Peer 1: 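Structure provided below as structure tokens; questions to follow.
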Amino acid sequence: MSAATTTLVPFEDVLATYDPALGLEVHVELNSATKMFCGCPTEFGADPNTQVCPTCLGLPGAMPAVNRKAVESAIRIGLALNCEIAEWCRFARKNYFYPDMPKNFQTSQYDEPIAFEGWMDVTVPTEDGEVETYRVEIERAHMEEDTGKSLHVGTSGRIHGADYSLVDYNRAGIPLIEIVTKPIVGAGARAPEVAKAYVAQLRDLIVALGVSDARMDQGSIRADVNLSLAPKGSGVLGTRTETKNVNSLRSVERAVRHEMQRHAAILGGGGSILQETRHWHEDTGVTTSGREKSDAEDYRYFPEPDLVPVAPSREWVEELRGTLPENPTQRRARLQAEWGYSDLEMRDTVGAGALTLVEETIAAGTSPAAARKWWLSELARRANDAGVELPALGVTPTQVAAVQALVEGGSINDKLARQVFDGLIAGEGTPEEVVEKRGLAIVSDEGALSEAVDDAIAANPDVAAKIRDGKVAAAGALIGAVMKQMRGQADAGRVRELILEKLGS
Amino acid sequence: MPEIPGANGPDGQVAITREEVAHLADLARIDLSDAELDHLAPQLAVIVESVASISGVAGDDVPATSHPLPVTNVFREDVVVPGLTAAQALAAAPASEQQRFSVPRILGDEQ
Amino acid sequence: MSAGQDWTTRTAAELADALAAGEVTSVELTQAHLDRIAAVDGSAIEGVHAFLHVDAEGALAAARASDERRAAGSPATFLDGVPIAVKDVLTTEGMPTTCGSRILEGWVPPYDATVVARLRAAGLPILGKTNMDEFAMGSSTEHSAYGPTRNPWDLERVPGGSGGGSAAAVAAYEAPLALGTDTGGSIRQPGAVTGTVGVKPTYGGVSRYGLVAMANSLDQVGPVTRTVLDAALLHELVGGHDPRDSTSVDQPLPDLVGAARKGATGDLSGLRVGVVTELQGEGYQAGVQARFTESLDLLVAAGAEVVEVSCPQFVHALAAYYVLMPSEASSNLAKFDAMRYGLRVLPEGVPDPSAEEVMRATRDAGFGDEVKRRIILGTYALSSGYYDAYYGQAQKVRTLISRDFEAAFAQVDVLVSPTSPTTAFRLGEKLDDPLAMYLNDLATIPANLAGVPGISVPAGLAEEDGLPVGFQVLAPALADDRLYRVGAALEAALHARWGGPLTPPELPAGLDRREGASA
Ligand SMILES: [Mg+2]
Ligand SMILES: [Zn+2]
């Protein structure tokens, strides 16, 4: 049965008959300087076959040597996922032939993963504004190596129907940590959201650990989504399909939803699910059949004889535990309470990728409200316009705090502060230097100010008359005129005082 | 046929069939002809029969030795070392294009 | 006898002394060996055929550089300028490396094996690459895709294997030194049947980086020479820790040359020698057994105490080996798939073949029968459902064999046995009888399974056929020095009895040397 001919069951109807079970296998490419088993660099986007050596090209005679940093990252990921860390484990060879795999075996961990038996609490918002928490159990996190990358040449551009393929082995051997969940049951209609939230939170955790670039668009985080349906209330697990390489958060959610609807359609029609891998099609939002998981698939695992066992001492593990950042979920809750942000304000801050920036700005002495104001209303817009991530804009939390201090000290106002940010982005120096160079400081010379007020009164006799008559609200027009003359570099409050003084109100 | 000491002996069951050999050759990506199968299968049957003698030798109490020397935790520091140039990497390639290895169309899926 | 042949019959230590004394240049003695190769090596059709590739130009360039260093008073090492041959299973930058296989025909590696890099750094001109059973799978060198090597003692006979090329080259005076590799006896067994010295160091004692693996947990690089002292000199040169090989031992080698010199004084008093009960008797040729007993008497005469020691689990060694070795090999050889290097064969009659079809056709055409046998055997032993019964069980047997060694070495300092059950057999005699071929390694395999070091020393000629017999000494892991002490003592005693080393008969010279001709 092909995807094209399957009429999907409406999502709501799936849940009436079936319980879904999810499983997620996430591959995280580590950001170590070198590959898992050789000293080749790992930079993304290098010219093809320029980051290769005898080892990662699988040349006869070459041997692997384990990257210590990759092992540390694996242990830190394991600890952050509340896993146990193996006292003794090995690498194994997973034997299968594939042209993008230089040795025709992948050096991976098999029955002795470095981390196992962990969990992560995943939160999903509900319709009534609350959040629901699902505990996702982690079966294992193990170390392995990436494969090369094939370019399929031919009319279709896809692997099937290609005339031939061109292989670049720069990616071959880059360290991967594969994180595998146990079956996630009981999510019901929320299964697609739970899947998405799990991957999103896992990504946040990886970012907080600093062990990967964590770019789903560049493939440094790749998710395989397993799904099965079982008759409602049966408590068993159905036959699963494994949808490979789902490479955005939105796609994770869509793929789960699609597979639930597709499985239900097949099962409802009296068919049975074929245990197979499926391909996700971002454009059409459907999966298509891949490779059947058959008995013929026999990876002939055995311990990698060119490597010795990894036996992390408990001292080393504890030392690494000491380097763990605060759990991202807990950190958010703590900061929200400390800063007094509303849920919406917090969500916007996180969504803009400004959490750490705001935190550091506050640490530099700025109030939570002012820090949020600058980062979210002013700087986020500029980053967006420039098409860069907020941290890449070129303005530091220290600078934002300095700008705010200038505002509070009365040297500049909010409007001038925006010009200061222009100067900072243009690289004109410190906030003080920008103010100096651009001549942005508020004029505190009473004589000049008094003159400007007099000019404004003289030029606007009717407005002045209104104020004299007690219509104080009309002062705004005169303040505007004064500020214009002063090119904004005046303290609007002082201008107002002077106007009222002079007009005797 | 000389015997490997400790082997089952010639009266033992043939442990591997011609069909199995064909399947294993398939797993190992070797295109054996019928003639080769006729030739290799009986030899393999004899060898398998001989090595099967180890099956009862060691019990559950005996640990496996995967490395002759009991060494652990041999690591490399995360420091870049010079590798090969693309020209060196591709020098022996049967075919290459766009600085990549050119391989015939791939039928199977990635694993 | 030409002036050149004069130099070719000297030992490496003698050549080094002559170089140091200014009696000869490296260019002269490198040329002498190249001349000898040209005269006797021949081709797959005739002659010794020890070499698959001779690099005269490269060797002479290295020799010139060596002579310049020496003239400047700064030779790199004691062996600087002494030429060497390298088994074709070790990668050599810029020099073809075929592993005796059609599938790697014409492959020129872009990198040196660590041991090769050490040879170059030490100043040894590399004469060329020596013949071997395809991917080191065999005990006769007949499984080379480029035709067999012949035993210099009798050109109708095999030189042992898989390192028959290295052993024959040294025995035929084509090279004073060679490197071999030993997975189940491939240095020691050819050493025994060609009358040369062969050493398998402790597992991890010599780097395997750049050794095209057959069975990674068993393979070891080692010296092939005509004297025990030469072996010690070469072993010290190439051995020691290599960070590129994670299984290499991170501690200094024992004083091997010192042990060889000490042994050569002929005093073994206080040494306890164990004769392994399971490695003698039935299946061992009478002439082999006779030379072995004679050597034992010489050890006793040198002051050693000889006792019999039983290693009951050794009877399972061969079966365990023929599970472990093909299993690892089946995986190692998967990389030869026509995608990145080596042979690419398009299947006949298949229009627009797929990568999978090209892999299958190439691997069928590129691998010989023995390689296919072992790949299939290994694939079988590792497949699900059989793993525990075969691979898992073989690893346990390995533990039992190690325990036998531990128990034995608690009683004695070294263990001894004949190296090979028989002398060299005739070409073709066992070619299509794998089990008969495997039996040649009966006595050498236990050392590989346990990772302990072993040496084969020439023990004389068997009376019934006049062919060389080898005497094997095994020592505990990391105690390689004991091999050299005992080996040198035995060698000294035998040379005294014989009036010098045994020399093979004159070889037919003036052959037409051709490379790559298939048998
Ligand atoms: Mg994996
Ligand atoms: Zn590399």
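From a predicted model like this one, the values you see are computed outputs, not experimental measurements. Note on naming: letters A, B, ... go to the chains in the order of the sequence lines (proteins, then strands), and numbering restarts at 1 for each one.
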Peer 1: Please state whether the side chain, the backbone, both or neither of B/Ala28 comes within less than 4.5 Å of a heavy atom of chain C.
Peer 2: both
Peer 1: Which one of C/Asp388, C/Val358, C/Leu400 has the most heavy-atom pairs closer than 4.5 Å to chain B?
Peer 2: C/Leu400
Peer 1: Looking at C/Gly392, C/Ala477, C/Pro353, which makes the most heavy-atom pairs under 4.5 Å with chain B?
Peer 2: C/Pro353
Peer 1: Looking at C/Pro434, C/Ser217, C/Ala389, which has the largest count of heavy-atom pairs under 4.5 Å with chain B?
Peer 2: C/Pro434
Peer 1: Taking all heavy atoms of C/Asn216 and all of C/Tyr203, pick out the closest pair and write down the distance.
Peer 2: O-OH, 2.7 Å
Peer 1: Can you check whether C/Tyr438 and C/Tyr321 have ring centres sitting under 6.0 Å from each other?
Peer 2: no
Peer 1: Any Lys/Arg nitrogen of C/Arg360 or C/Glu356 sitting under 4.0 Å from an Asp/Glu carboxylate oxygen of the other?
Peer 2: no
Peer 1: Using non-hydrogen atoms only, which part of B/Ser96 is less than 4.5 Å away from chain C: side chain, backbone, both, or neither?
Peer 2: neither
Peer 1: Quick check for you: among C/Thr202, C/Asp352, C/Leu346, C/Val323, which has the greatest number of heavy-atom pairs under 4.5 Å with chain B?
Peer 2: C/Asp352
Peer 1: Would you call the rings of C/Phe135 and C/Phe336 parallel, tilted or perpendicular, taking 30° and 60° as the class edges?
Peer 2: tilted
Peer 1: With only heavy atoms counted, which part of C/Arg244 is less than 4.5 Å from chain B, the side chain, the backbone, both or neither?
Peer 2: neither
Peer 1: What option among B/Gln88, B/Arg76, B/His39 has the most heavy-atom pairs under 4.5 Å with chain C?
Peer 2: B/His39
Peer 1: Please determine, by modelled atom types, if C/Asp242 and C/Ser207 share a side-chain donor-acceptor pair under 3.5 angstrom.
Peer 2: yes
Peer 1: Return the option, out of B/Leu69, B/Asp26, B/Val71, B/Leu32, with the maximum number of heavy-atom pairs under 4.5 Å with chain C.
Peer 2: B/Asp26
Peer 1: What part of B/Asp60 gets within 4.5 angstrom of chain C, counting heavy atoms only: side chain, backbone, both, or neither?
Peer 2: both
Peer 1: Would the B/Phe101 and C/Tyr341 ring centres measure less than 6.0 Å apart?
Peer 2: no
Peer 1: Would you mind checking which part of C/Ala338 comes under 4.5 Å of any heavy atom in chain B, side chain (CB onward), backbone (N, CA, C, O), both or neither?
Peer 2: backbone
Peer 1: At a heavy-atom separation under 4.5 Å, does B/Leu40 approach chain C through its side chain, its backbone, both, or neither?
Peer 2: side chain
Peer 1: Can a donor-acceptor pair be found between the side chains of C/Ser101 and C/Glu134 at a distance below 3.5 Å?
Peer 2: yes
Peer 1: Considering only heavy atoms and a distance below 4.5 Å, find which of C/Gln313, C/Met339, C/Glu357, C/Met359 pairs most often with chain B.
Peer 2: C/Met339
Peer 1: For C/Arg373, is there an ion pair with C/Asp432 - N to carboxylate O distance below 4.0 angstrom?
Peer 2: yes
Peer 1: Select one option (side chain, backbone, both, neither) describing which atoms of C/Ala450 are under 4.5 Å from chain B's heavy atoms.
Peer 2: backbone
Peer 1: Which bit of C/Ser330 comes within less than 4.5 Å of chain B, counting heavy atoms only: side chain, backbone, both or neither?
Peer 2: neither
Peer 1: With a 4.5 angstrom heavy-atom cut-off, could you sort out which part of C/Val249 is near chain B: side chain, backbone, both or neither?
Peer 2: side chain
Peer 1: C/Ser402 versus chain B, heavy atoms under 4.5 Å apart: side chain, backbone, both or neither?
Peer 2: neither
